[in-house]
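Here is the structure we will look at, set down as structure tokens.
All residue numbers in this chain count up from 1 along the given sequence.
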Amino acid sequence: MAKVLASTQKHLDIYDIGQDLVILKNSGVRLVLSCTAVNFDLLSEVEQDAIIAAYSALLNSLSFPIQVIIRSKKMDISFYLDQLKAVEKEQTNRYLKKRIASYRGYVERLISKNEVLDKSFYVVIPHQEMLLTSSENPLKKLFSRRKKIILNKGAILKKAKIQLEPKKEHLIKQFNKVG
């Protein structure tokens with residue numbers, strides 16, 4: 001008989017994903033917004049001040065917690081460099097061929113000094129149903145073996161959507177002001 005290995009999912013706190021919401025095993029729900037970045041250094045001083053003021057207004061307007069996640073992933077651009085080589089080889093115009101070679105060299109020097117990173121930005125809005133429990137020792141709950149969790153997914157999603165939708169709309173409105 002083959003030994004069955006534990007699934008990675010068993011160790012995650014995520015129970016399911018539905019209706020654009022992440023449902024946790026503890027009945028919590030998270031709404032995740034994907035955001036874009038603003039290249040702050042390329043803006044004028046007036047534009048920078050405006051963004052700082054809008055971001056300050058966003059933070060001051062919050063009456064609920066949020067979590068900001070920034071994911072940086074090293075990118076492999078060797079495919080892009082290979083494409084440049086191919087275009088350079090096919091180019092018949094000597095001047096353009098030289099310009100492509102120069103550009104390819106520039107990119108190669110740039111990535112040899114700096115890593116090329118792909119950054120993703122997310123804002124998480126949590127929703128946790130407050131449950132009244134017995135006066136059981138919290139340490140016992142923490143160190144006991146996990147029981148199989150049975151969640152009423154439909155009811156949890158319905159309550160969470162009612163709570164999270166206005167928060168989502170508020171954040172989207174505020175982030176649009178930031179740019």
Side-chain angles (χ1 to χ4, degrees), residues 2 4-24 28-62 64-127 157 160-161 164-179:
V4 177
L5 298 176
S7 166
T8 305
Q9 291 173 334
K10 185 176 181 180
H11 301 285
L12 294 176
D13 289 335
I14 297 173
Y15 176 74
D16 197 6
I17 298 174
Q19 298 180 29
D20 296 329
L21 298 171
V22 178
I23 306 163
L24 304 179
V29 178
R30 304 295 183 262
L31 185 139
V32 181
L33 295 174
S34 178
C35 303
T36 57
V38 174
N39 197 335
F40 197 73
D41 292 334
L42 295 180
L43 300 174
S44 71
E45 190 175 335
V46 172
E47 291 170 318
Q48 288 178 352
D49 289 344
I51 285 184
I52 291 170
Y55 189 67
S56 176
L58 180 149
L59 293 177
N60 288 327
S61 75
L62 293 176
F64 51 90
I66 63 169
Q67 179 181 12
V68 177
I69 299 171
I70 302 170
R71 179 177 179 252
S72 296
K73 184 173 91 174
K74 187 176 177 183
M75 289 185 63
D76 177 18
I77 63 166
S78 58
F79 178 74
Y80 178 65
L81 292 172
D82 291 342
Q83 282 183 321
L84 284 175
K85 278 183 189 175
V87 170
E88 181 185 343
K89 252 185 190 176
E90 293 173 9
Q91 186 56 249
T92 55
N93 183 320
R94 281 191 297 182
Y95 175 74
L96 289 177
K97 190 175 201 140
K98 186 177 177 182
R99 299 304 314 149
I100 294 170
S102 173
Y103 173 69
R104 187 174 47 79
Y106 166 75
V107 171
E108 287 173 342
R109 285 189 304 280
L110 187 66
I111 63 170
S112 70
K113 293 177 185 174
N114 304 306
E115 287 184 347
V116 177
L117 298 175
D118 178 33
K119 292 191 179 234
S120 303
F121 301 87
Y122 304 96
V123 174
V124 180
I125 309 169
H127 169 73
L157 286 174
K161 270 203 173 286
L164 291 173
E165 280 299 317
K167 294 175 182 178
K168 176 183 91 170
E169 295 305 320
H170 173 75
L171 272 179
I172 289 172
K173 183 178 168 185
Q174 292 296 320
F175 275 122
N176 283 334
K177 289 179 182 178
V178 174

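- Taken to the nearest 0.5 Å, the NZ atom of Lys97 stands 9.0 Å off from the NZ atom of Lys89.
- Rounding to the nearest 0.5 Å places CG of Leu33 at 11.0 Å from CD1 of Ile69.
- A salt bridge between Lys173 and Glu169 is absent, with no side-chain N of the basic residue lying under 4.0 Å from a carboxylate O of the acidic one.
- Going from atom CD1 of Ile23 over to atom NE2 of His127 covers 11.0 Å, rounded to the nearest 0.5 Å.
- Atom CZ of Phe40 sits in a crowded spot, with more than 12 heavy atoms from other residues, nucleotides or ligands closer than 6.0 Å.
- From Leu58, atom CG reaches atom NE2 of His170 across 6.5 Å, with rounding to the nearest 0.5 Å.
- Atom CZ of Phe175 is surrounded by more than 12 heavy atoms from other residues, nucleotides or ligands within 6.0 Å.
- At distances below 3.5 Å, at least one donor-acceptor pair connects side-chain atoms of Arg109 with backbone N or O atoms of Gly105.
- Taking every heavy atom of both residues into account, Pro166 and Lys161 meet most closely at CD-O, 4.3 Å.
- When every heavy atom of Leu43 is checked against every heavy atom of Gln48, the shortest pair comes out as O-NE2, 3.5 Å.
- Residues Phe64 and Leu171 have side chains in contact (heavy-atom distance under 4.5 Å, counting atoms from C-beta outward).
- Applying the 6.0 Å contact sphere to CG of Asp20 captures no more than 12 heavy atoms from other residues, nucleotides or ligands.
- Ile14 places a side-chain heavy atom less than 4.5 Å from the side chain of Leu24.
- Pairing each heavy atom of Leu21 with each of Ala160, the nearest pair is CD1-CB, 4.4 Å.
- A salt bridge links Lys168 to Glu165: one of the charged nitrogens lies within less than 4.0 Å of a carboxylate oxygen.
- Annotation: side chain of Ile111 is in contact with side chain of Leu81 (closest heavy-atom distance under 4.5 Å).
- A 4.5 Å side-chain heavy-atom check between Gln83 and Phe79 finds at least one atom pair inside the cut-off.
- The OG atom of Ser72 lies 7.0 Å from the CD1 atom of Ile70; values are rounded to the nearest 0.5 Å.
- Heavy-atom minimum distance, Pro126 versus Lys167: O-NZ, 4.5 Å.
- In terms of heavy-atom proximity, Lys74 sits nearest to Leu117 at CA-CD2, 3.8 Å.
- None of Leu84, Asp82, Val87 except one satisfies the side-chain contact (heavy atoms from CB on, under 4.5 Å) rule with Arg104; the exception is Leu84.
- Across Ile100 and Glu88, no two heavy atoms sit closer than the pair CG2-CB, 3.6 Å.
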